[in-house]
Every structure is written in C-alpha cells, then in structure tokens.
Number of protein chains: 2
Amino acid sequence: MARLGELERAVMDVLWARGTPEPPSDGATVREVTDALADRDLAYTTVMTVLDRLAGKGMVVRQRDGRAWRYQPAAPREAYIAQLMLEALDIAQAGEAAAETGDRGAALVRFARSVTGQEAELLRAALEEQSRPAGEGT
Amino acid sequence: MARLGELERAVMDVLWARGTPEPPSDGATVREVTDALADRDLAYTTVMTVLDRLAGKGMVVRQRDGRAWRYQPAAPREAYIAQLMLEALDIAQAGEAAAETGDRGAALVRFARSVTGQEAELLRAALEEQSRPAGEGT
DNA sequence: GCGACTCTACTACGAGACGTCGTACGACCC
DNA sequence: GGGTCGTACGACGTCTCGTAGTAGAGTCGC
C-alpha cells in the first residue's frame, strides 16, 4: 500500500469524511476539497496535484462530472488502516520462514496489551464473529 | 515512531536477530553488522551512517566498547511492530473526538477479519490474558 | 618509534517523495 | 467575447535514504 504524506492524508480525510466509498456518493471536486482545507490556505492547483498523485497511488478513483473530476476514496478508511496494520505485522517476518508465528505472535500480544479495554472488547467481538459461521441476522 | 528505509530495516533486523534488548546482549559493532550484510556488499561507512541515523531516530542505543561502539535495538521488534500498528490505528482519529470508537472500531474489525486463523487465536489468547488479573505462574 | 590497521566524525551527492505553485489552454456563462 | 473555472504539465525546494569518501585519532606489532 502506498505511504501518504501529511497533506495527502489530510486530503484523504476530507474524502473519507464526505464520500463513503461503495455506497453511492458523488465524491468531491478539487474545489470542494480545497474549500474543506481552507484553513491551510492552499492554492487550487496544489490540491489538484495532490489528488492527482493520490489517484496515481490508487488511493482515490475519479470520474468525470461535466468538465471537472469528482474524486472519492478507492477504499474506506478502515480498510486502509487495517492494511497498514497488516503490513506492520508483516515486517515481523524478517527473513524467517513464513507460516511460523514467531515475532508476529509476540507483536500481536504486545498489540493486544496496548489497546484500550473498550477496543479490546471490540477486537474480541470481531474475532468471535469471524470464527462463527457468520450470516446471522442483525 | 520513526519510519525506516529499506536498508535501515535490514540493519535493524540484524540487530534484532542477534541482540535481544533488555536481556544483557553486547549488541553488534559496525563491523559485525557489515559482515552480516555482506551479500549487499556495502561500504563500512555506509553501515556506520545508517547505524548513526538509527541512533538519531532513537531506534538503537549504543555504548562504547573500547574505541568502537556497540549498537543494540532500543526496543524489541515486537514493540516496534505493535507501535506501528497502534499508529496505523490512530489515523482513524482523523480530527474526530477521541475516546470515541468510530473508525477505530471498524478498522479493528477489518483487521480481525484479515489475520489468519492461527493468529486470530493468538490474538484472542492475548486479549484474554490481558483481561485477566494477570500474575499467574507459568 | 613507525607504519599498517581500524574506527569514528563529517561531509556529500543523487534519487525519489511531497508540499506547493505557476502557466498554458480549452470550455462555459452572460 | 471576455471573465471564470477546470485541467494538464512542468517545476522547484526540502527531506529522507542509500551510498560513500576523506581526514584524523587510537592501537598493535616489530
């Protein structure tokens, strides 16, 4: 996954905030993003460049809307974050054989100990759900 | 936490591989790291520079050993990884109020669904252990 | 005591990522 | 038909990182 710079992340935040990915959202135009980041006082073209680079990285997708483009996140924020977490976990594989749960396990344990109780609960629930056959109503 | 380049990570891997942090380990010298990375055919000073930068980033600590320095990881690999994971999770807070489990929760759920069954088990066990009073013998 | 090693400290340089724009130019609205 | 708005490109400065070279000081064998 692509690594994002500070401004790039800010732009993604704007997009994530207003356009959920799969559910139909019209996304945002360069102008809209620029306005959303008004406090940064950025040139219109700066935002355009960033959006363009984000598209190049596959972080956003765009579609024509008249003469302009509308950008929206290629994936929801959670997916991006989960991806980053998995990548972090992967560096535990340092030249060692895969499938082996060495440092990965240790890292997971450390991680589990670091999340707040509330989040631990969420994580536990998610794991639970995953191990279930799944498909239960609400 | 500092972000590491490719070579920096390789060097950290060497250090992590030979010098566990807290337990007394004498760490490795520039020479030793260079030898460990012999296949890369790097100049001695290249490794020295990298180790120096790593020290500047707080990733390694060093102590004199005669005229030379001995480097060792400032923290074990698992700690680094767990830290990266937590940081990834933190970007879920995008300008929103903290303490709220919005995207963080969603990200955790995504993550939970992505780890392999074996790791999910490990994670579950770690969470379990965390919620326990802890302090049980072996 | 001198020369060959070995280490460290600095300095450097090129590539690539990123923040930040400017310019040129086509499309639209009134 | 002249502003306005949007796009496409190109650019530049700063940082990070990989990669080293050089200078100079400490060490050891003879």
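Here is how names work: the chains are called A, B, and so on, in the same order as the sequence lines, proteins then strands, and each is numbered from 1.
Atom P of nucleotide dT16(D) and atom CE of M59(B) are separated by 16 Å, given to the nearest angstrom. Summarising the geometry, the separation between CZ on R64(B) and C1' on dT8(C) is reported as 7 Å, rounded to the nearest angstrom. Separating the CZ atom of R53(B) from the C1' atom of dC13(C) is a distance of 11 Å, rounded to the nearest angstrom. The nearest whole Å value for the distance from the CZ atom in R70(B) to the C1' atom in dC7(C) is 13 Å. For R9(B) and dT16(D), the CZ to C1' distance is 14 Å, given to the nearest whole Å. When the C1' atom of dC18(C) is taken as reference, atom CG of L42(A) falls 13 Å away, rounded to whole Å. Between L37(A) atom CG and dT20(C) atom P the separation is 10 Å, expressed in whole Å. In this entry the distance linking CG of D52(A) with P of dA17(C) reads 15 Å, nearest Å.
Of all nucleotides listed (dT20(C), dC7(C), dC18(C)), dC7(C) comes nearest to the side chain of A68(B). Side-chain proximity of Y44(B) to the nucleotides dC17(D), dT8(C), dC21(C) is greatest for dT8(C). Nearest nucleotide to the side chain of W69(B), out of dT20(C), dT8(C), dT19(D): dT8(C).
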Give each protein N/O atom lying under 3.5 Å from an N/O atom of nucleotides 23-30 of chain C, with the pair distance.
{"unit_1": "dG26(C)", "atom_1": "N2", "unit_2": "R67(A)", "atom_2": "NH1", "d": "2.4"}

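Side-chain contact between L51(A) and V47(A) is present, with at least one heavy-atom pair separated by less than 4.5 Å. Within the 4.5 Å cutoff, no side-chain heavy atoms of V50(B) are placed close to those of V33(B). In this structure, the side chains of I81(A) and L108(B) stay at 4.5 Å or more apart for every pair of heavy atoms. Using a 4.5 Å heavy-atom threshold, the side chains of R77(A) and M12(A) count as separate.
For T49(B) and L7(A), each mapped to the nucleotide of DNA chain C holding its nearest heavy atom, the one lying further toward the 5' end belongs to T49(B).
Looking at heavy-atom distances under 4.0 Å, R40(A) makes no contact with the nucleic acid at all.
Applying the 3.5 Å distance criterion, the base of dC7(C) shares no donor-acceptor pair with the side chain of T29(B). Taking 3.5 Å as the limit, the base of dT16(D) and the side chain of R3(A) contain no donor-acceptor pair of atoms between them.
Neither OP1 nor OP2 of dG18(D) sits under 4.0 Å from any side-chain N or O of T46(B). Between dC17(D) and K57(B), a contact under 4.0 Å exists linking OP1 or OP2 to a side-chain N or O.
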Next on the checklist: Walk me through whether E6(A) and R40(A) qualify under salt bridge (charged side-chain N to carboxylate O under 4.0 Å, His left out).
Outcome noted: CA-CA 12 Å; E6(A) 197 280 324; R40(A) 290 191 178 226; 2.8 Å; yes

Next on the checklist: The test is side chain to side chain contact (heavy atoms under 4.5 Å, CB included); show your working for M48(A) and D52(A) and say whether it passes.
Outcome noted: CA-CA 6 Å; M48(A) 199 170 62; D52(A) 204 49; 5.8 Å; no

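Looking at M59(A), R62(A), E32(A) one by one, the single match for side chain to side chain contact (heavy atoms under 4.5 Å, CB included) with Y71(A) turns out to be R62(A).
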